[in-house]
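Below, all heavy atoms of this structure are taken into account, side chains as well, without hydrogens, waters or symmetry copies. Indexing begins at 1, ligand by ligand and atom by atom, following the structure's order. Remember, it's a predicted structure, so these values are computed and weren't measured experimentally.
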Amino acid sequence: MCGIVGYIGSKEATPILVEGLKRLEYRGYDSAGVAVLTNGKITIEKQAGKIGGLEKHIVNRDLSGKSGIAHTRWATHGHPTQTNAHPHADCTGTLALIHNGIIENFGAIKTELIANGHNFITDTDTEALVHLIEEYYNNGHDLEAAVRAALSQVEGTYGIAVISSTEPDTLIAARRGSPLVVGVGENEFVVASDVSAIISHTKDVTYLEDNEVAIIKRNKLTIKTIDNLEVDKKVEKIAFDLEKIEKGGYDHFMLKEIMEQPQTIRDAMRGRLLEDEGTARLGGIQHEIDSLIYAPQMLFSACGTSWHAALIGEYMIEEFVRTPVEVEYASEFRYRDPVIERGSVMFVISQSGETADTLAALREGRRKGAKVLGICNVVGSTIARESDAGVYLHAGPEIGVASTKAFTSQVTVLSLLTLLLGRMRNMGASKGVRIVKEMEALPEKVSSILENQGTIKAIAREYHQSQNFLYLGRGYNFPVALEGALKLKEISYIHAEGYPAAEMKHGPIALIDENMPVVFIATKDSTYEKIISNIEEVKARSGRIIAIATEGDTEIKKLADHVIYVPQTLEFLTPILTIIPLQLLAYYIAILRGCDVDQPRNLAKSVTVE
Ligand code: AGP
């Protein structure tokens with residue numbers, strides 16, 4: 001959700017904090033602020049809007065100092081205004097605090113503190129926390145103890161950083177529910193919501209767990225629990241280089257990440273395909289194979305794009321492994337008291353590994369006795385650390401808010417899992433070898449789609465002013481229809497719906513007229529004839545038809561207004577190809593509509609609050 005960053009060391013803090021905010025901007029971008037210890041007092045500057053605005057605002061202001069904190073916001077409580085932007089100060093300006101998360105009992109705390117004479121100036125939940133810390137600070141606690149005492153009263157989630165003008169050599173950070181990482185440098189420390197704000201300073205990091213507090217002095221880091229017990233933490237290495245989080249010459253991270261997919265699909269398969277045996281190997285879950293193969297039931301739980309990948313995983317596992325699979329929206333699963341059979345295995349799928357609902361689903365599944373395995377992209381993320389075991393996507397950092405390469409890598413990993421378990425069930429070696437060969441050919445096939453963007457750009461030009469879109473698919477391509485619609489919604493703000501093609505007759509067909517573009521994923525597979533009938537039904541009502549079809553299918557040209565061809569592959573692997581044109585279509589339509597594709601309105605890359 002929000003992005004927080006703090007610095008204490010020997011260098012000027014402000015440039016480091018502003019650079020850190022830019023790296024974290026994909027987490028939330030409706031307002032921003034910075035607080036720096038300058039000449040013994042805390043100076044706070046904040047602005048509504050993007051970090052660029054804050055940067056202009058502070059150009060001629062004295063924000064010199066060697067420690068400070070900064071924040072980029074995704075508003076939960078109180079409009080994204082300058083006043084509600086973080087950092088928040090206490091009554092005297094002695095303390096400044098930044099927060100990522102939600103203080104659920106802020107109302108009760110605020111009422112009590114106002115009665116004690118505190119003066120509140122914002123509509124936020126966060127302000128209650130800085131005044132609560134002030135309450136303890138004014139009653140003889142030092143900064144560390146005041147923060148721990150206040151946090152022991154808080155209900156909800158937080159990643160926070162706090163500074164004080166009366167303890168200039170101290171920075172306190174703490175987490176519960178929201179991610180927080182401490183970068184350990186040469187006589188300096190950078191604390192941040194994720195490693196992207198740390199990597200240009202050091203690759204040595206330590207990840208805070210829930211209810212841990214970091215007491216950071218200029219040259220010493222101590223980690224304690226909220227109950228004052230010291231914790232011995234290991235320092236880990238960040239697994240990628242800085243250029244991985246640069247645009248690499250592309251206009252947008254989203255386009256860069258779309259174009260990276262031949263390589264990221266290759267990386268998801270690297271060392272995991274065993275051609276001779278016609279099977280796959282997933283080192284991260286190898287020791288859990290028995291519980292997987294004998295599981296009476298599998299559950300996939302996720303949110304958004306990851307949930308769409310889970311749906312495809314369900315189709316694959318049930319077709320080739322014959323184990324029943326339940327796909328669960330994590331936000332529903334955590335509250336609906338699900339029935340989980342003994343011995344069940346639950347996969348939680350999350351690109352960021354920090355999505356609050358998916359993390360809660362993980363904990364609920366474990367509470368109900370399931371073995372919990374993770375499929376994540378971000379190394380060291382909370383879901384990866386809390387899972388019993390798991391598989392990393394190795395897709396590299398995904399910065400664009402609209403997920404693209406993570407989706408094709410998730411489907412690739414689910415295909416590997418299907419091959420691995422399928423070969424342990426009824427799939428023969430020759431079929432396995434065929435699948436391995438087809439998977440190895442995927443990156444080239446994706447490249448060939450990316451090399452032919454002309455048709456997609458022309459379609460985008462023709463339909464970028466449409467108000468509605470319908471996406472229809474069958475079987476493995478039904479979830480692709482959902483994902484295609486989500487991409488368009490997210491970045492172009494056009495209302496779009498994905499549907500199983502046959503469901504259209506049960507209602508959505510009423511929407512069809514000459515103004516409704518309908519995208520059909522109509523590759524040559526087991527449901528091809530059926531989807532051709534659905535195309536006929538739309539054509540009969542003057543709908544505009546855009547078909548994603550298999551190369552060589554000339555028949556469909558007679559029916560559809562526009563055809564985008566993708567290479568042939570095995571039916572269960574088609575989603576990895578058919579989603580590519582839909583990602584590009586959404587991208588080019590959004591560009592033509594002047595939308596900010598990397599930071600679409602109202603969204604954030606990692607949803608760390610409920
Ligand atoms: C997808 O483009 C969105 N950014 C969003 O739906 C995302 O997939 C969802 O928030 C889940 O994120 P995760 O995979 O990091 O858990």
Side-chain angles (χ1 to χ4, degrees), residues 1 3 25-29 74 177-179 193-194 196 252-255 257-258 261 264 300-313 327-334 347-363 372 374-387 390-393 395-411 413-414 471 479-480 482-493 496 498 579 582-587 590 595-610:
M1 223 90 243
E25 195 164 20
Y26 67 102
R27 303 180 61 87
Y29 31 83
W74 189 90
S178 303
S193 299
D194 69 48
S196 59
H252 299 99
F253 281 109
M254 184 180 179
L255 184 60
E257 289 152 8
I258 291 173
Q261 290 178 102
T264 51
F300 289 166
S301 190
C303 302
T305 288
S306 299
W307 186 80
H308 295 151
L311 270 182
I312 296 170
V327 176
E328 302 274 354
Y329 272 119
S331 53
E332 289 298 310
F333 180 81
R334 62 181 296 185
F347 276 96
V348 284
I349 305 176
S350 175
Q351 185 286 127
S352 62
E354 300 293 352
T355 302
D357 285 323
T358 308
L359 182 57
L362 176 162
R363 292 170 179 166
V372 179
I375 297 178
C376 292
N377 189 38
V378 176
V379 175
S381 59
T382 307
I383 289 175
R385 293 199 315 275
E386 287 203 17
S387 302
V391 183
Y392 279 125
L393 302 182
E398 187 176 67
I399 308 289
V401 169
S403 184
T404 52
K405 63 177 181 176
F407 177 73
T408 48
S409 294
Q410 285 163 343
V411 178
V413 164
L414 289 163
Y471 288 72
V480 174
L482 294 175
E483 178 58 10
L486 178 63
K487 291 292 89 102
L488 190 68
K489 276 183 274 209
E490 282 190 276
I491 61 173
S492 75
Y493 320 142
I579 190 57
L582 303 186
Q583 294 168 345
L584 289 165
L585 183 63
Y587 174 78
C595 302
D596 183 337
V597 295
D598 276 346
Q599 293 169 355
R601 71 185 185 199
N602 302 342
L603 286 178
K605 181 63 184 171
S606 174
V607 182
T608 54
V609 295
E610 267 195 70

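For residues 301-311, the set of pairs meeting the salt bridge (charged side-chain N to carboxylate O under 4.0 Å, His left out) definition, not counting sequence neighbours, is empty.
Between the side chains of E398 and S403, at least one donor N or O lies within less than 3.5 Å of an accepting N or O.
Near ligand 1, residues C303, G304, T305, S306, S350, Q351, S352, T355, V401, A402, S403, K487, E490, V607 each place a heavy atom inside the 4.0 Å sphere around the ligand atoms.
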_Please evaluate residues E386 and L359 with respect to the criterion side-chain contact (heavy atoms from CB on, under 4.5 Å), reporting the C-alpha separation (whole Å), side-chain torsions for both, the decisive distance (0.1 Å), and the verdict._
CA-CA 9 Å; E386 287 203 17; L359 182 57; 3.9 Å; yes

_Check against side-chain contact (heavy atoms from CB on, under 4.5 Å), V348 and F333_ = CA-CA 11 Å; V348 284; F333 180 81; over 6 Å; no

*Which is it for W74 and T608 under the side-chain contact (heavy atoms from CB on, under 4.5 Å) test, yes or no, and what are the steps along the way?*
CA-CA 10 Å; W74 189 90; T608 54; over 6 Å; no

*Could you walk me through whether S381 and E354 pass the side-chain hydrogen bond (donor to acceptor under 3.5 Å, both in side chains) check?*
CA-CA 6 Å; S381 59; E354 300 293 352; 4.9 Å; no

